[in-house]
Amino acid sequence: MEEKEKQKQRAAEAAARHLQDDMTIGLGTGSTAYYLILEAGRMAKAGMRLKAVTTSKATEELARSHHISVILPEETDCVDLAIDGVDEIDREFRAVKGGGGALLREKIVASKAKEVIWIMDESKLVERLGAFPLAVEILPFGYAWTANAILDLGCAAKIRSQEGQQFHTDNGNQILDVTIPKELDYGRVAETIKGIPGVLETGYFDRACSRIIIGTSQGTEERVNPARKGSLLRIGGIINEE
């Protein structure tokens with residue numbers, strides 16, 4: 001296993017230590033979330049009772065195959081803990097997600113979670129957002145108009161394809177991968193894009209997590225988002241914060 005994959009696995013295993021019996025959890029999508037699902041599956045097989053709301057069909061299939069009970073969002077009022085990976089995140093806890101195309105469902109699940117933990121290898125921590133394209137989920141109807149409106153903001157935009165075919169999300173929509181120039185305010189442009197007719201959601205998550213867990217070559221590092229300290233889980237009667 002290469003070093004980056006080891007770091008993802010370390011972060012996922014550290015995040016799994018926050019799981020508790022009878023939790024309803026939100027399971028993300030992607031290569032880092034994969035390791036979390038494997039670990040949660042081992043815990044479920046050993047007897048821990050977990051229910052999961054999943055953010056993609058692929059995650060649902062993987063969770064079920066590893067002894068995790070999957071429920072629909074309509075079957076619960078809230079999510080105790082959501083865990084997912086990120087494509088990049090800055091030191092102000094602003095993140096970009098959506099490389100796996102599940103950004104809309106990921107944002108819905110994160111919005112209902114009491115705590116959100118994002119897990120990653122150390123390459124995902126950046127000084128400035130923008131190296132990774134911003135995923136934008138759009139309706140197929142009028143997609144060219146939507147793309148042109150984003151181009152008018154001074155951004156570059158490309159319809160995502162996969163194996164030579166146009167990519168579609170589990171919701172049946174398309175993804176625009178948008179590059180925001182460095183001279184523009186990233187967060188402001190992302191919010192402007194969200195308001196364009198035809199745009200359903202963007203992969204920009206503004207300080208939405210409670211904490212991050214970074215896998216490193218030496219182990220893991222945890223950082224708590226000071227803006228979300230009030231949402232941290234109570235572990236064994238003590239608020240688990242730094």
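Both backbone and side-chain heavy atoms feed into the values below; hydrogens, waters and symmetry mates do not. FYI, the numbering just counts along the sequence from 1.
- Asp80 places no side-chain N or O within 3.5 Å of a backbone atom of Met23 that could act as its donor or acceptor partner.
- Salt bridge annotation for Arg10-Glu13: absent, with no cationic side-chain nitrogen under 4.0 angstrom from a carboxylate oxygen.
- You'll find the side chain of Leu38 reaches within 4.5 Å of the side chain of His66, heavy atoms only.
- Within the 4.5 Å cutoff, the side chain of Thr220 has no heavy atoms near those of the Ile119 side chain.
- In this structure, Glu3 CD and Thr216 OG1 are separated by 8.0 Å, a value rounded to the nearest 0.5 Å.
- Counting heavy atoms of neighbouring residues, nucleotides and ligands inside a 6.0 Å radius, atom CG of Asp185 exceeds 12 of them.
- Minimum interatomic distance between Gly215 and Ala11 (heavy atoms only, all atoms of both residues): N-CB, 3.7 Å.
- The number of heavy-atom neighbours closer than 6.0 Å to CZ of Phe132, taken from other residues, nucleotides and ligands shown, is above 12.
- Across all their heavy atoms, Cys155 and Val189 have their closest contact at SG-CG1, 3.8 Å.
- For the pair Pro140 and Asn173, the minimum side-chain heavy-atom distance is below 4.5 Å.
- No path of Ile, Leu, Val, Met, Phe, Trp and Tyr side chains, each step under 4.5 Å between heavy atoms, connects Leu81 with Val79, placing them in separate hydrophobic clusters.
- With sequence neighbours excluded, no residue forms a side-chain hydrogen bond (donor to acceptor under 3.5 Å, both in side chains) with Glu74.
- Between Asn171 atom CG and Ile108 atom CD1 the span is 7.5 Å, to the nearest 0.5 Å.
- Both Leu50 and Ile83 are part of a single hydrophobic cluster, where members link through side-chain heavy atoms under 4.5 Å apart.
- A salt bridge does not link Glu61 to Lys57: none of the charged nitrogens lies less than 4.0 Å from a carboxylate oxygen.
- At most 12 non-hydrogen atoms from other residues, nucleotides or ligands lie less than 6.0 angstrom from OH of Tyr34.
- Residues Glu88 and Leu129 are in side-chain contact: their nearest non-hydrogen atoms beyond the backbone lie under 4.5 Å apart.
- The two atoms that bring His168 and Gln166 nearest to each other are ND1-O, 3.4 Å, heavy atoms only.
- Without hydrogens or angle criteria, Thr179 side chain to Pro133 main chain gives no donor-acceptor distance under 3.5 Å.
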Might you work through the side-chain contact (heavy atoms from CB on, under 4.5 Å) test for Ile193 and Val136, ending with a clear yes or no? CA-CA 8 Å; Ile193 290 173; Val136 179; 4.0 Å; yes

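- Atom CD1 of Ile68 and atom CG of Leu62 lie 7.5 Å apart (nearest 0.5 Å).
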Full working for side-chain contact (heavy atoms from CB on, under 4.5 Å) between Arg211 and Glu115: CA-CA 8 Å; Arg211 71 173 72 231; Glu115 183 180 11; 3.1 Å; yes

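- In this structure, Leu36 CG and Ile25 CD1 are separated by 7.0 Å, a value rounded to the nearest 0.5 Å.
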Begin with the C-alpha distance, continue with both residues' side-chain angles, and end with the deciding distance and a verdict on side-chain contact (heavy atoms from CB on, under 4.5 Å) for Asn225 and Ser210. CA-CA 5 Å; Asn225 181 359; Ser210 309; 5.8 Å; no

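- Closest non-hydrogen pair, Ala135 versus Arg160, comes out as CB-NH2, 3.7 Å.
- Annotation: side chain of Glu127 is in contact with side chain of Arg91 (closest heavy-atom distance under 4.5 Å).
- Residues Leu125 and Arg223 have side chains in contact (heavy-atom distance under 4.5 Å, counting atoms from C-beta outward).
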Evaluation steps, side-chain contact (heavy atoms from CB on, under 4.5 Å), between Leu153 and Leu184: CA-CA 9 Å; Leu153 298 176; Leu184 300 181; 5.7 Å; no

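- When all heavy atoms of Ala40 and Leu19 are compared, the pair lying nearest together is CB-CD1, 3.8 Å.
- Using a cutoff of 4.0 Å between basic side-chain nitrogens and carboxylate oxygens, Arg94 and Asp206 are not scored as salt-bridged.
- The shortest distance between side-chain heavy atoms of Ile214 and Asp121 does not fall below 4.5 Å.
- Between Tyr186 and Tyr204, the ring planes are tilted. Angles from 30° to 60° get that label.
- Note on Phe205 and Val96: separate hydrophobic clusters, where clusters join Ile, Leu, Val, Met, Phe, Trp and Tyr whose side-chain heavy atoms are under 4.5 Å apart, directly or indirectly.
- Between atom OG1 of residue Thr32 and atom NZ of residue Lys124 there is a gap of 5.5 Å, rounded to the nearest 0.5 Å.
- Tyr35 meets the side-chain hydrogen bond (donor to acceptor under 3.5 Å, both in side chains) test with Glu5; sequence neighbours excluded.
- At a threshold of 4.5 Å between side-chain heavy atoms, the hydrophobic network of Ile, Leu, Val, Met, Phe, Trp and Tyr places Val70 and Ile37 in two separate groups.
- Heavy atoms of other residues, nucleotides or ligands lying less than 6.0 angstrom from CZ of Arg188 number 12 at most.
- The pair Asp177-Lys158 fails the salt-bridge criterion, with no side-chain N (NZ, NE, NH1 or NH2) lying under 4.0 Å from an Asp/Glu carboxylate O.
- Results of the side-chain hydrogen bond (donor to acceptor under 3.5 Å, both in side chains) test with Glu122 over Lys4, Gln7, Gln218 single out Gln7 as the only residue that passes.
- A side-chain hydrogen bond (donor to acceptor under 3.5 Å, both in side chains) with Lys97 is found for exactly one of Asp84, Thr29, Asp87, namely Asp84.
- Minimum interatomic distance between Thr54 and Ala63 (heavy atoms only, all atoms of both residues): CG2-CB, 4.4 Å.
- Under a cut-off of 6.0 angstrom, the local environment of CD in Glu2 is crowded, with over 12 non-hydrogen atoms contributed by other residues, nucleotides or ligands.
- Here CD1 of Ile213 is found 4.0 Å from CD of Glu222. Values are rounded to the nearest 0.5 Å.
- Under the 4.5 Å side-chain heavy-atom criterion for Ile, Leu, Val, Met, Phe, Trp and Tyr, Leu27 and Val53 are members of distinct hydrophobic clusters.
- Screening Leu200, Thr202, Val199 against Glu137 for a side-chain contact (heavy atoms from CB on, under 4.5 Å) leaves a single residue, Leu200.
- Checking side-chain atoms of Thr55 against main-chain N and O of Arg105 turns up no donor-acceptor pair under 3.5 Å.
- Residues Thr76 and Lys51 form no side-chain contact, since every pair of their non-hydrogen atoms from C-beta on lies 4.5 Å or further apart.
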